[in-house]
Amino acid sequence: MAVAEELVQITPELLKEHGLTQEEYDKIKGFLKRDPTITELGIYSVMWSEHCSYKNSRPLLKLFPTSGDRLLVKAGEENAGVIDIGEGWAISFKVESHNHPSAIEPFQGAATGVGGILRDIFTMGARPLALMDSLRFGDMNKKQVKGLLTGVVSGIAHYGNCIGIPTVGGELFFDESYDANPLVNVFCLGIVPHERVMRGAAGGVGNPVFYVGATTGRDGIHGATFASEDLTEESEKKRPNVQIGDPFLEKLLMEACLELYETDALIGIQDMGAAGLTCSTCETAARGGAGIEIDVDLVPRRETGMTPYEVMLSESQERMLFICKQGREEEVIAIFKKWDLEVAQIGFVTDDKMVRVKDKGEIVAEVPALSLTDDAPLYHREDKEPENLKELQSFDFNTLKEPVDVAASFKQVLSSLNIASKRWVYQQYDHMVRTNTVLLPGSDASVVYLKEPKKYVAMSMDGNSRYSLLNPERGGKISVAESGRNVVCSGATPLAVTDNLNFGNPYRPEVFWQMKQAVIGMAEACRVFDTPVVGGNVSLYNENPSGPVDPTPVIGMVGLIENKDFITSSWFQNEGDVVIALGENKEELGGSEYIKEVFNKKVGNAPEIDLAFEKQIQDFTLDVIHNNWVESAHDCADGGLAITLAESCFHPKTKWGVSIELPAAQTRTDALLFGESQSRIVLSASPEKAEKILALAKEKGVPAQKIGTVTQENFEIKVDSKEVITEKTENLFQLWNKSLEEKIK
């Protein structure tokens with residue numbers, strides 16, 4: 001069928017504006033057997049962007065393990081993965097990024113990131129239960145960075161609080177590499193009965209296609225391509241590419257969708273996220289092996305004079321696409337009208353596997369659906385180890401003079417922004433709404449109660465960019481291991497992960513090498529821990545005029561707790577309890593918070609990690625927790641053993657003291673206290689239960705050592721019988737608790 005829209009002259013400048021190469025344009029002409037219209041060019045540009053097609057990362061993503069006994073929906077099949085948790089119930093979860101929009105318009109960029117991840121989850125038929133975030137910002141001494149932080153946190157709080165979904169935890173990290181390019185990764189988890197898991201596939205020739213939700217405007221046009229290019233000084237001009245969110249409308253949309261799922265009128269569903277109406281039509285058609293025909297003249301709009309190009313590429317928020325059964329139209333419309341939502345039938349399913357777009361009956365685009373999805377370009381980029389990496393890894397820490405006053409260094413690290421309390425952030429979030437939150441922000445993992453199956457789910461987000469800078473393969477492994485360790489310390493058995501790969505420009509061989517090595521490490525760790533990847537996000541081109549951000553793979557780990565008695569926090573509970581250190585302290589300073597904070601260096605190699613040993617430590621910890629022998633469990637990570645012990649004392653209701661005695665350091669005292677060797681966990685238990693833990697550890701060959709006892713008010717650490725740190729816990733708590741808040745003022 002002939003295309004009616006007038007052809008435009010395709011110039012190199014026009015291709016560049018659309019983020020397409022000449023080779024890609026030639027491939028488009030091959031699919032169409034002609035030159036594209038301007039609307040078709042726009043459709044290909046957004047669908048073949050890195051953000052939508054993963055054209056530079058798909059070969060690497062195939063390295064991830066994506067199968068498992070509990071998987072009901074695998075990675076890449078739908079908007080989010082779905083995991084069976086027994087008794088006919090499942091959980092759906094995913095993490096997404098909104099980095100570039102948040103750099104340009106932090107409040108709306110972050111807010112719409114929350115809205116987008118919520119839609120990914122309730123599109124699967126699941127009711128969202130909890131949100132988490134993983135945030136990275138630059139040097140807080142810079143006014144611009146403070147503005148980015150306050151804007152992003154406000155945006156997340158606004159959207160989550162208004163829609164009534166608790167933000168129950170996450171992580172916040174500061175490093176100068178993120179000065180003008182913050183990372184805003186948002187996670188959501190929901191619950192769904194097996195029989196109500198929804199699919200985003202079109203089917204049934206003649207079945208009607210419905211548009212539901214907010215009206216369409218010009219906000220967000222080319223948002224997907226904007227997210228697939230470097231941030232530059234010109235990026236500020238692209239502020240219109242940032243969408244505007246309405247959480248109250250999303251609440252109505254979510255409830256209407258959940259009500260519709262209770263009927264059998266629905267064939268397929270897709271949210272209009274990146275690439276808007278374009279993505280939702282072509283993906284549902286491709287998944288269903290069908291075609292879709294729509295008329296943009298029927299799309300509800302809030303602006304006049306919009307062209308088909310603008311309607312198809314708009315990323316206005318709070319919109320969904322539905323394919324319903326013929327004859328059920330009035331029933332579907334009635335549900336959405338009940339919730340006071342805009343709804344319009346804009347097209348129907350065809351059998352020709354084409355996405356056909358009309359405007360007042362005239363064809364403006366006619367494209368093979370698979371050419372936009374499965375047949376998108378795929379690249380194998382050059383990778384090259386950074387030239388300075390070996391030099392960084394081989395740094396001699398003996399050239400750094402060990403501080404005379406270790407206690408002063410301890411306080412400096414304790415009050416550093418990466419260690420200090422994040423209360424300023426999470427107090428802005430309503431983390432108790434819906435009354436499912438069991439373990440509040442501040443512990444190793446967050447725990448929510450699933451009221452229907454009467455089970456508990458633990459969630460953690462983790463990633464260490466310094467480790468990934470110094471040794472990306474180890475950094476990838478550690479991101480999985482530490483997230484798993486956090487979940488285990490809460491009493492949960494790890495089930496699966498979602499990931500967010502935040503890297504710079506993949507055309508830089510050094511950047512692509514970092515991503516490749518990180519994925520190799522993450523994939524290996526996921527296999528060892530039997531935690532398949534159920535989905536996630538790739539965010540590339542995280543660069544600013546000064547260069548790329550540090551490589552930042554982030555892992556969201558989910559675990560299951562069958563028994564309420566197993567729920568464990570990271571805080572000491574009782575005076576007189578014995579403190580036990582599991583694992584081995586290798587006194588490794590590479591990439592540590594201590595070296596960065598005290599000496600302002602990112603040097604050395606990332607800590608070693610033996611995945612089999614890590615699994616042994618985690619399994620042992622779960623065993624003793626499930627035996628009800630443990631009062632608290634806290635993973636030893638950023639800041640090392642001394643910081644782990646201090647954080648364990650900072651119970652939300654009671655500030656405990658601790659008396660610790662450590663043997664002499666193998667190398668230097670600061671490495672003993674602040675080194676970040678992996679596979680370590682600090683437990684506390686009653687004296688009677690502690691003996692059982694130590695005996696079982698000896699039997700199973702797990703390194704375990706009694707290092708002290710919980711006391712009432714003083715924090716004391718002795719090394720080789722010499723006092724190195726002595727302070728009232730309350731004083732340390734005040735230092736730790738106020739540091740971030742004071743920096744923001």
Side-chain angles (χ1 to χ4, degrees), residues 1-5 32 37 39-40 42-44 46-47 123 198-217 253 256-257 260 265-273 275-302 306-316 318-337 341-373:
M1 187 179 294
V3 175
E5 186 174 53
L32 299 179
T37 67
T39 299
E40 289 170 336
I43 287 172
Y44 274 104
V46 292
M47 290 307 299
T123 297
M198 294 294 143
R199 298 285 183 165
V205 176
N207 278 332
V209 175
F210 282 96
Y211 170 112
V212 180
T215 51
T216 294
L253 186 60
C257 291
L260 178 62
L266 188 63
I267 296 292
I269 176 176
Q270 178 74 26
D271 80 299
M272 295 188 206
L277 191 54
T278 290
C279 189
S280 58
T281 50
C282 73
E283 287 193 352
T284 50
R287 288 194 194 113
I292 282 184
E293 180 174 308
I294 65 169
D295 193 322
V296 293
D297 188 50
L298 303 175
V299 172
R301 309 179 194 186
R302 63 171 175 267
M306 291 186 70
T307 65
Y309 176 99
E310 291 173 323
V311 174
M312 290 302 294
L313 271 60
S314 167
E315 293 184 10
S316 295
E318 292 84 40
R319 302 180 301 157
M320 308 283 279
L321 190 82
F322 289 88
I323 297 96
C324 299
K325 295 178 181 177
Q326 281 183 287
R328 307 290 292 275
E329 291 90 345
E330 293 305 315
E331 178 183 354
V332 169
I333 291 171
I335 289 174
F336 290 112
K337 289 296 185 183
L341 290 165
E342 192 85 43
V343 56
Q345 183 176 339
I346 64 170
F348 54 90
V349 178
T350 67
D351 62 357
D352 60 6
K353 300 184 180 181
M354 302 292 287
V355 174
R356 186 172 296 107
V357 182
K358 293 183 175 180
D359 183 22
K360 300 181 180 68
E362 296 289 317
I363 297 176
V364 295
E366 193 172 43
V367 177
L370 288 176
S371 73
L372 297 167
T373 56

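For clarity, every value in this text was computed on a predicted model and none was experimentally measured.
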Under the 3.5 angstrom rule, does the side chain of [X] hit a backbone N or O of [Y] as a donor-acceptor pair?
| X | Y | value |
| --- | --- | --- |
| E329 | G327 | yes |
| T215 | P300 | no |
| E315 | A275 | yes |
| T373 | E283 | no |
| E331 | R328 | no |
| T37 | V364 | yes |

Looking only at non-hydrogen atoms, find the nearest pair between [X] and [Y] and report the distance.
| X | Y | answer |
| --- | --- | --- |
| Y44 | P368 | OH-CD, 4.0 Å |
| Q326 | N207 | N-OD1, 3.0 Å |
| G291 | D352 | CA-OD1, 4.1 Å |
| Y309 | G42 | CE1-CA, 3.7 Å |
| S280 | L321 | O-CD2, 3.6 Å |
| A202 | V349 | CB-CG2, 4.2 Å |

Going through the checks in order, is the side-chain contact (heavy atoms from CB on, under 4.5 Å) test met by L260 and F336? CA-CA 9 Å; L260 178 62; F336 290 112; 3.9 Å; yes

Do [X] and [Y] have side-chain heavy atoms sitting under 4.5 Å apart?
| X | Y | result |
| --- | --- | --- |
| S316 | R302 | yes |
| T281 | M312 | yes |
| F210 | I333 | yes |

What is the distance from atom [atom1] of [X] to atom [atom2] of [Y], rounded to the nearest 0.5 Å?
| X | Y | atom1 | atom2 | answer |
| --- | --- | --- | --- | --- |
| I292 | I323 | CD1 | CD1 | 4.5 Å |
| T123 | M272 | OG1 | CE | 10.5 Å |
| I335 | L341 | CD1 | CG | 11.0 Å |
| F322 | I267 | CZ | CD1 | 13.0 Å |
| R356 | D295 | CZ | CG | 12.5 Å |
| K358 | E366 | NZ | CD | 9.0 Å |

Surrounding NZ of K325 (heavy atoms of other residues, nucleotides or ligands, distance under 6.0 Å), is the total greater than 12?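 More than 12 heavy atoms, drawn from other residues, nucleotides or ligands, come within 6.0 Å of this atom.
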
Report the C-alpha separation of R301 and S314 in whole Å, then their side-chain angles, then the decisive distance to 0.1 Å, and conclude whether the side-chain hydrogen bond (donor to acceptor under 3.5 Å, both in side chains) test is met. CA-CA 11 Å; R301 309 179 194 186; S314 167; over 6 Å; no

Going through the checks in order, is the side-chain contact (heavy atoms from CB on, under 4.5 Å) test met by L298 and Q345? CA-CA 7 Å; L298 303 175; Q345 183 176 339; over 6 Å; no

Can you spot which of V357, I346, L313 makes a side-chain contact (heavy atoms from CB on, under 4.5 Å) with L277?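 Single pass found, and it is I346.
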
